[in-house]
Structures are given as C-alpha cells and as structure tokens.
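Every value quoted in this text rests on a predicted model; they were computed, and no experiment measured them. For ligands, and for the atoms within them, numbers begin at 1 and follow the listed sequence.
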Amino acid sequence: MGNKTLAIIKPDAVKRNNIGQIIAMITEAGFKIKGLRMTRLSKESAMKFYEVHKERPFYGELVEFMTSGNCVPIALEKENAVAEFRKLIGATDPAQAEEGTIRKKYAASKAENAVHGSDSDENASIEIAHFFAGESLL
Ligand code: GDP
C-alpha cells in the first residue's frame, strides 16, 4: 500500500471559508502536507481530472461545480494514505457520513461535498501529478 494521496478542498468549502478548519482536521489526523496550492480549475483541466466519471450522468454538473471557484489541492502523506484519508472524509453523501468526518461537518450535499480524496494508489499518483507536475515534493 502507498503512502500518498491527493486531497482537494472543493469550491463550496473555499467559499464558506472553511479551508483552515479542514486543514486542521487533516493534520490532526496525522497527515503530512507535501504540496499545497490554491487554483481555479479550467473546464479542460476539470474534465481531465474527472475523466473516469465521464460516463456518469452527473459529469457535466461535477465539472461545472469544480470550476465554479477556487479550490485547494493538497498532496498528503501518511501510511496507507488513500484508505486513511477516505475514512477521514466520510461517505460521498454527507447524510450518510459518520460523525467526526470532514464531510459530516462541512459538506452541504452529495454533489457539493467539501473535499475530494483519491480512491486508489494509482489514481493518487495521477492526481498528484495533475496539480504538482514538475515539482519535487519532499
Ligand atoms: P467520492 O469518491 O466519494 O468523491 O465519490 P464519487 O467518486 O462517487 O463521485 C465523485 C464526485 O462527484 C463526488 O465527490 C461529488 O462531488 C460528485 N457527485 C457524486 N454523486 C453525484 C450526484 O449524484 N450528482 C452530482 N451533481 N454530483 C455528484
């Protein structure tokens, strides 16, 4: 199992001014921040990032949401990072998310759900490269 994952604080959470609280939950859970920036995704970049979902009925809405404002991609490190981070963020739909998870606290809906977390080691590498290509993350 790998030790890296890619988190994104999504535009809804950035707009609600929850960046600081979410980062605090991430670091308190033992993740190390290896890379961090704020950016607004272009349509092309968001479409590429979510290419795996292109056949899903909500793909267009997802791309629109993810380009609606700034987001904060963060490269994270921890043992078993992918699974550990998905545990910390909780279920996709905040109504199903467990107490103490980031989505339970900060997500408004299944679509606007505050944070992204990679779903496999392979995707973590691809997604970290999407935002931090050409940078050496120590
Ligand atoms: P995740 O791995 O928990 O983020 O969930 P998925 O891989 O299933 O979906 C990716 C992202 O698409 C979610 O985090 C949501 O932002 C969005 N999403 C999921 N389901 C829906 C939906 O039914 N409608 C819309 N508009 N967006 C959705």
Number the atoms of ligand 1 from 1 as they appear, then name those within less than 4.0 Å of a heavy atom of [X], with their elements.
{"X": "Glu61", "value": "25 (C), 26 (N)"}
{"X": "Arg103", "value": "1 (P), 3 (O), 4 (O), 14 (O)"}
{"X": "His53", "value": "7 (O), 9 (O), 10 (C)"}
{"X": "Arg86", "value": "1 (P), 2 (O), 3 (O)"}
{"X": "Lys10", "value": "13 (C), 14 (O), 15 (C), 16 (O)"}

Between Arg103 (side chain only) and Asp93 (backbone N and O only), is there a donor and an acceptor less than 3.5 Å apart?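 Here the side-chain-to-backbone pair does not exist.
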Consider every N or O of Ala111 and every N or O of ligand 1, then say whether any pair is closer than 3.5 Å. yes
Table please: side-chain donor-acceptor pairs of residues 17-28 below 3.5 Å, with sequence neighbours left out.
{"from": "Thr27", "atom 1": "OG1", "to": "Ile23", "atom 2": "O", "distance (Å)": "3.1"}
{"from": "Thr27", "atom 1": "OG1", "to": "Ala24", "atom 2": "O", "distance (Å)": "3.3"}

For ligand 1, does Asn113 get within less than 4.0 Å through its side chain, its backbone, both, or neither, judged by non-hydrogen atoms?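 The side chain, only.
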Heavy-atom distances under 4.0 Å are what count here, so tell me which part of Met66 touches ligand 1: side chain, backbone, both or neither.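 No part of Met66 comes within reach of ligand 1.
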Going through the distances and angles, do Asn113 and Lys10 end up as a side chain to side chain donor-acceptor pair (under 3.5 Å)? CA-CA 8 Å; Asn113 58 4; Lys10 296 185 179 182; 2.8 Å; yes
Which class fits the ring pair Phe131 and Phe49: parallel under 30°, tilted 30 to 60°, perpendicular over 60°? tilted
If the test is side chain to side chain contact (heavy atoms under 4.5 Å, CB included), which one of Leu36, Ile8, Thr39 qualifies with Val72?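 Of the listed options, the one satisfying the test is Leu36.
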Provide the full list of ring-ring contact (aromatic ring centres under 6.0 Å, His included) pairs with a residue in residues 11-37, sequence neighbours left out, each pair given once. Phe31-Phe85
